[in-house]
Novice: 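This structure is in structure tokens; I'll ask about it shortly.
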Amino acid sequence: MSVESLIFEKGAPGRRAATMPAMDVPTELLEDLIPASLLREKPAALPEVSEIEVVRHYTHLSQRNFGVETGFYPLGSCTMKYNPKINEDMAALPGFAHIHPLQPVQDAQGAIQLMFELERYLAEISSMTRVTLQPSAGAHGELTGLMLIKAYHQSKGQGHRNLVLIPDNAHGTNPASATLADYKAVEVQSDDTTGGIDMGHLKTLLEAHGDHVAAIMLTNPNTLGLFDANIAEIGRQIHAVGGQLYYDGANANAVLGITRPGDMGFDVVHFNLHKTCSTPHGGGGPGAGPIGVKAHLVPFLPGPLPAKNAEGYYWEDAGPQSIGKVRANLGNFGGLVRAYTYIRSNGPDGLRHVSESAILNANYLRQGLSSDYEIAYPHICQHEFVATARKQKEEHGVTATDIAKRLLDYGMYAPTVYFPLIVPEAMMIEPTETETRESLDSFISVMKTIAEEARTNPEIVKTAPHTTVIGRLDQALAARKPNLRWNPGQEVTHS
């Protein structure tokens, strides 16, 4: 693949992508409008390029991107599934795409109806009483959920509850959200055999700190891809000391139509609609992280909430105990349209089929890789599982990072590596339901090939990737001192 020059290296002085008409209104000098201290001392030295140069440059860059639409993307804990194009078409309908957040209610009946119905779909899927669609992503939903829990306890005169219990295999956003909500995160150990919560450790924590426990944050199945069979007992013990159960919905792709967080005993649940319901994830975002709650937490929900009466749809005030808005306007509407379309397209039976297929695919991969890679917890998994490169590292010096980099040479994206933290040399693999058996077989074949390379030619794995535009980077330097800005006169080097 040829080297792509920087946009600053293209073009020529005076070249333009558009020709603007002559001004037909009085003009003023920039110096009269902006304080001198804010004006540039030198020209910005921006690229001077034609339209075709701009189009070709960014098209070339886009062709180098790797995504779900270009290859297999088994990124564990992130559900990088294919996004059906019908969802994009619906979000692009002029009535949805051009609506204004401050549009009068009478002119936005369809949009409010969509949000009204989506809330009820999500409440049914999760066994919650009501849902707010405001949060912008999963972590934002976590923070919102913890704020609701805090408001609830304060209303009961229990503002002293300042601890949130979090498993040692939890997503990193959980302790971060707890800290932002002014709680102290307390780690709960995992059971070495089952991969679920260590019930003995949980009991010890509750006996010592029960009166100060505000909540426990769990995802079930957890980040090991394992369903915790003790979930009902966990809920009973947390509720017995006055705490709440928070459900991290990042792994909801494993439970749609099969079980519901509310039925497990959870009081709050967030949805990653940009994962579970196919809304574009990552660079294609932004996200959407609605929160569902049981009845006792409804008074604290952010408002307003979509409602319906004999005259149509309207916005209902959340009431005096509401924590208030958690973002401007009422949610990432484009993402909500996509999620609504996904749910309506699949229906109840289709959603269950999504999870059953995701579980089947994950177990197919787990079994296919088990002869070449150690499986951290070799039980029947749910939507994902954790393989390890522990054997490859001990015997041949090949790490999980090396295997991840080598996968790029074979046209596949890497799984999540080194997470969860409790598994050395972890490779967290989630195929999702949208991959065919042929794709899964191809991934298994490539992983077996890499395992063989680790045994017979480890250097080719340790120095990968070899076929990408940019080779192995110094990851510490790239993270700590990223060079993301071009300056006039800067020497340009191409890897």
Side-chain angles (χ1 to χ4, degrees), residues 112-113 115-135 138 140-159 161 164-165 177 181 183 210 213-220 231-249 252 255-273 288-309 313-326 330-331 336 339 343 348:
I112 304 174
Q113 178 182 351
M115 299 173 82
F116 178 87
E117 293 181 2
L118 177 59
E119 178 195 326
R120 276 143 188 82
Y121 295 158
L122 295 176
E124 174 63 24
I125 289 169
S126 60
S127 186
M128 293 287 132
T129 304
R130 290 218 66 174
V131 174
T132 174
L133 304 174
Q134 284 189 30
H140 192 200
E142 291 176 16
L143 177 61
T144 302
L146 291 172
M147 290 168 64
L148 297 176
I149 291 171
K150 182 180 284 287
Y152 168 73
H153 282 137
Q154 289 176 340
S155 74
K156 299 292 185 181
Q158 298 180 8
R161 293 186 178 272
V164 173
L165 306 183
S177 297
Y183 285 121
V213 170
I216 187 169
M217 300 182 78
L218 296 171
T219 187
N220 196 31
I231 189 61
E233 177 60 19
I234 293 170
R236 189 195 68 77
Q237 293 190 22
I238 295 294
H239 285 145
V241 299
Q244 300 286 287
L245 270 73
Y246 181 95
Y247 187 88
D248 177 341
V255 301
L256 298 174
I258 298 175
T259 184
R260 305 185 298 178
D263 298 338
M264 300 179 206
F266 285 90
D267 303 287
V268 187
V269 56
H270 87 250
F271 295 89
N272 291 69
L273 295 185
I291 284 287
V293 299
K294 288 289 183 66
H296 62 285
L297 294 174
V298 169
F300 308 98
L301 282 174
L305 297 164
K308 182 183 180 182
N309 59 22
Y313 295 91
Y314 67 100
W315 292 113
E316 178 182 52
D317 184 80
Q321 291 182 292
S322 169
I323 64 171
K325 280 189 175 184
V326 293
L330 299 161
L336 302 179
I343 293 171

Novice: Checking I234 against M264 for the side chain to side chain contact (heavy atoms under 4.5 Å, CB included) test, could you report, in this order, the C-alpha distance in whole Å, the side-chain angles of both residues, the deciding distance, and whether it holds?
Specialist: CA-CA 9 Å; I234 293 170; M264 300 179 206; over 6 Å; no
Novice: Do the side chains of P302 and L148 get nearer than 4.5 Å, heavy atoms only?
Specialist: yes
Novice: Run through K294, H296, H239 and flag the one making a side-chain hydrogen bond (donor to acceptor under 3.5 Å, both in side chains) with Q244.
Specialist: H296
Novice: Could you tell me which non-hydrogen atom of E142 sits nearest to which non-hydrogen atom of Y246, and how far apart they are?
Specialist: CA-OH, 3.0 Å
Novice: Please check if the side chain of T259 supplies one atom and the backbone of V255 the other of a donor-acceptor pair under 3.5 Å.
Specialist: no
Novice: What closest approach, in Å, do A123 and V131 show between heavy atoms, and which atom pair accounts for it?
Specialist: N-CG2, 3.8 Å
Novice: Under the rule for salt bridge (charged side-chain N to carboxylate O under 4.0 Å, His left out), what residues qualify as partners of R120, not counting sequence neighbours?
Specialist: none
Novice: With side chains defined as the heavy atoms from C-beta onward, is the minimum distance between W315 and I112 less than 4.5 Å?
Specialist: yes
Novice: Should M115 and Y313 count as side-chain neighbours, where that means a heavy-atom distance under 4.5 Å?
Specialist: no
Novice: Counting only heavy atoms not in K156 (residues, nucleotides, ligands), do more than 12 fall under 6.0 Å from its NZ?
Specialist: no
Novice: How many angstroms lie between OG1 in T144 and CZ in F300, if you round to the nearest 0.5 Å?
Specialist: 15.0 Å
Novice: Are any non-hydrogen side-chain atoms of K325 and P304 less than 4.5 angstrom apart?
Specialist: yes
Novice: Does A252 offer a backbone N or O that forms a donor-acceptor pair with the side chain of Y247 under 3.5 Å?
Specialist: no
Novice: Nearest heavy-atom pair of G303 and S322: which atoms, and what distance?
Specialist: N-OG, 3.8 Å
Novice: Does any part of the side chain of L122, heavy atoms only, come nearer than 4.5 Å to the side chain of I343, both counted from C-beta?
Specialist: yes
Novice: Can you give me the closest heavy-atom contact between A181 and K150, atom names plus distance?
Specialist: O-CE, 2.8 Å
Novice: Under 4.5 Å between any side-chain heavy atoms of I291 and V326, yes or no?
Specialist: no
Novice: Does the side chain of H270 reach to within under 4.5 Å of the side chain of P135, using non-hydrogen atoms?
Specialist: no
Novice: Take E124 and R260 through the side chain to side chain contact (heavy atoms under 4.5 Å, CB included) test and state the conclusion after the steps.
Specialist: CA-CA 9 Å; E124 174 63 24; R260 305 185 298 178; 3.3 Å; yes
Novice: What closest approach, in Å, do V268 and G145 show between heavy atoms, and which atom pair accounts for it?
Specialist: CG1-CA, 4.0 Å
Novice: So which heavy atom on V213 is nearest to which on R161, and how close?
Specialist: O-NH1, 2.7 Å
Novice: Supply the atom-to-atom distance N220 CG to I231 CD1, rounded to the nearest 0.5 angstrom.
Specialist: 4.5 Å
Novice: In the structure I gave you, are the side-chain heavy atoms of T129 and V293 within less than 4.5 Å of one another anywhere?
Specialist: no
